[in-house]
Structures are given as structure tokens and as C-alpha cells.
Amino acid sequence: MGGTRGFGVDIGGSGIKGCVVDLEAGRLATERIRIDTPDPSSPELVAAVVKKIVDGFEWTGPVGVTLPAVVKRGTAMTAANIDKSWIGTDAVAVFTERLGRAPGEVTVLNDADAAGMAEIRYGWPGDQAGVVVLLTFGTGIGSALFLDGKLVPNTEFGHLEVDGLDAETRAAASVKDEQDLSWEEWALRVSRYIRALESLIWPDLIIAGGGVSRKADRWLPLLDVRTRVVAAELRNDAGIVGAAVAAELGVEH
Ligand code: BGC
């Protein structure tokens, strides 16, 4: 393996997924391995799962890893849906050591930033002009902001305060499940959230990702917002693909 192949691991609040990625086509090159996120989702336990996944493919090259957290120069700065002990952890150092990699072979970035990198490169390559936002609706709400295709990392728009509440506690996909909301009820909340975001950054395009993007036809038509909203082309694989792209190209943050 090698050449146009890379490796991505996407760490989420409920599962950790990874596999070999075809960097030319921008899609998974193999079946992915998914393992439940350990409880507690501490750096040590999560790193052990990441190693298991990487070793499962006998992959020896560079590895890109996403975290559901703000990541500044390889260090996790927040931890909304993972164990708080991640805060201040040098994630690059943890994974580099656990995976037995040389310095520079492991890249760590925010999960939504990774998904956005993949979507803008492979999913909607013709729509990069202007301000594009990817929003991932999952356990939380993640965001990735691009200006003419260039990432502005760690935007954290999921934590925008809307009607006095942290937006992701009202409009994440997990809330739809927990509160058993209908598509109509949930779409009202998502619309409210997107309108708040629109009034601040006036995007030209919004790409809706996360697991719930698989069912985009159920809820995108219900949205009442100004901006054109399209479904993520890579669906839930965008994080893995983007992680592998980041490992190949590097990421500024
Ligand atoms: C976190 C973000 C993350 C998003 C999606 C939010 O709670 O603060 O860093 O991108 O969830 O996982």
C-alpha cells in the first residue's frame, strides 16, 4: 500500500472509525473498522483503540486522526463530547507514541474541519468560491469554515448561543433521537440555528454532514433558511477521508 493511499481515523462521541483512504478518488479504499468509543474516552483508552484500528490494516504510513475538539498545533483545547482529560493533552504526541510513528507522521485536527476538507476537495469541488460552511449534525454540531476553499480552523459554530442555549443541545442529531423529535420538529430547530449563523457570517453555501446526512431528503427540504444547503457527498465517511488528506497535506492551525 502507498502511493495515493492514506489512512484516516475519525474519533466520535460514540464510535471510532478508520481505514485506508484512496486519496485520488477521495473515498474509502477498504471496509472501515468501527469500534465503540471507550468509556471513559480518555487519551490512553482512545489511543489504544486507534492503534487497534491502524494495526488491523497493517498500515505503516502516516495517519490522520480527528478529535471532536478544538485542536491547536496538535493539542486538544476543549472536550465537549469526549473525556475532559483531553483538554491540554498533546494529542499528536499521544498518538505518535502509541502508534510508534516518527515525528511528523501523525496529524490531528478537529473532526468537522477534517470532514470539511474532504467535502470541499471531493464532494463539492465546483462550489468552493466565497464563504462555505460545513455543519456536521451528530452527537454535537461541528463546523468548518472555508473562504475560497481555504480552511479557517476550529470555528466551533455548534456552540453558538441561540435563544439563550448552546445550539448543539437543541439541534444536534443526537437530540432528535433522545427527544424523539419528528423530522418537522427537528428541522424547525435546525432552521432556527442556521438562521442565527447566517445572520453572523452570511455564507454562500452550507454543506450538511454527519450521520443524519444519509437521510438528507427527509429534512433538507423542510429547512426555512436563506442559504443554499446541500447534503455532504461523502456522507459519514468525510471525517475519515479528511483525516487522511490532512495527514498527506498537513493542516494549519
Ligand atoms: C465540539 C466540536 C466538534 C463537534 C462535532 C462539538 O461539541 O465542540 O469540536 O467538532 O462537537 O463533533
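Whatever order the structure lists ligands and atoms in, that order sets their numbers, starting from 1.
Rounding to the nearest 0.5 Å gives a distance of 5.5 Å between CD1 of I207 and CG of L134. Here the CD1 atom belonging to I16 is positioned 9.5 Å from the CG atom belonging to D10, to the nearest 0.5 angstrom. Considering CD1 of I82 and OG1 of T78, their distance stands at 7.5 Å, rounded to 0.5 Å.
Within ligand 1, counting atoms from 1 as listed, the ones closer than 4.0 Å to a heavy atom of N81 are 7 (O), 11 (O). Atoms of ligand 1 lying under 4.0 Å from any heavy atom of N110, numbered from 1 in the order shown and given with element: 2 (C), 3 (C), 9 (O), 10 (O). Atoms of ligand 1 found under 4.0 Å from any heavy atom of E168, numbered from 1 in the order shown, are 6 (C), 7 (O), 11 (O). Near G142, meaning under 4.0 Å from any of its heavy atoms, are these atoms of ligand 1: 4 (C), 5 (C), 10 (O). Heavy-atom proximity to H159, at under 4.0 Å, picks out these atoms of ligand 1: 1 (C), 6 (C), 7 (O), 8 (O). For ligand 1, the atoms sitting less than 4.0 Å from at least one non-hydrogen atom of A69 are 9 (O), numbered in the order shown with element in parentheses.
Looking at K17, R27, R32, R214 one by one, the single match for salt bridge (Lys or Arg N to Asp or Glu O under 4.0 Å) with D237 turns out to be R32.
For atom 10 (O) of ligand 1, the nearest non-hydrogen atom from the set D111, T169, T136, T139 comes from D111.
Looking at S143 next to ligand 1, no N or O pair under 3.5 Å apart turns up.
For atom 9 (O) of ligand 1, the nearest non-hydrogen atom of the protein is E156 OE2, 2.5 Å.
The aromatic rings of Y193 and F137 stand perpendicular to each other, their planes meeting at an angle above 60°, with 30° marking the opposite boundary.
Heavy atoms of L67 stay at 4.0 angstrom or farther from ligand 1.
Between the side chains of T139 and N81, no donor-acceptor pair is found at a separation under 3.5 Å.
Cation-pi geometry between R5 and W59 is not met: the NZ or CZ atom fails to fall both under 6.0 Å from the ring centre and inside 45° of the normal. By the 6.0 Å and 45° rule, K215 does not stack over the aromatic ring of W183.
When heavy-atom distances to ligand 1 are checked against a 4.0 Å cut-off, T78 has no atom that comes that close, whether in backbone or side chain.
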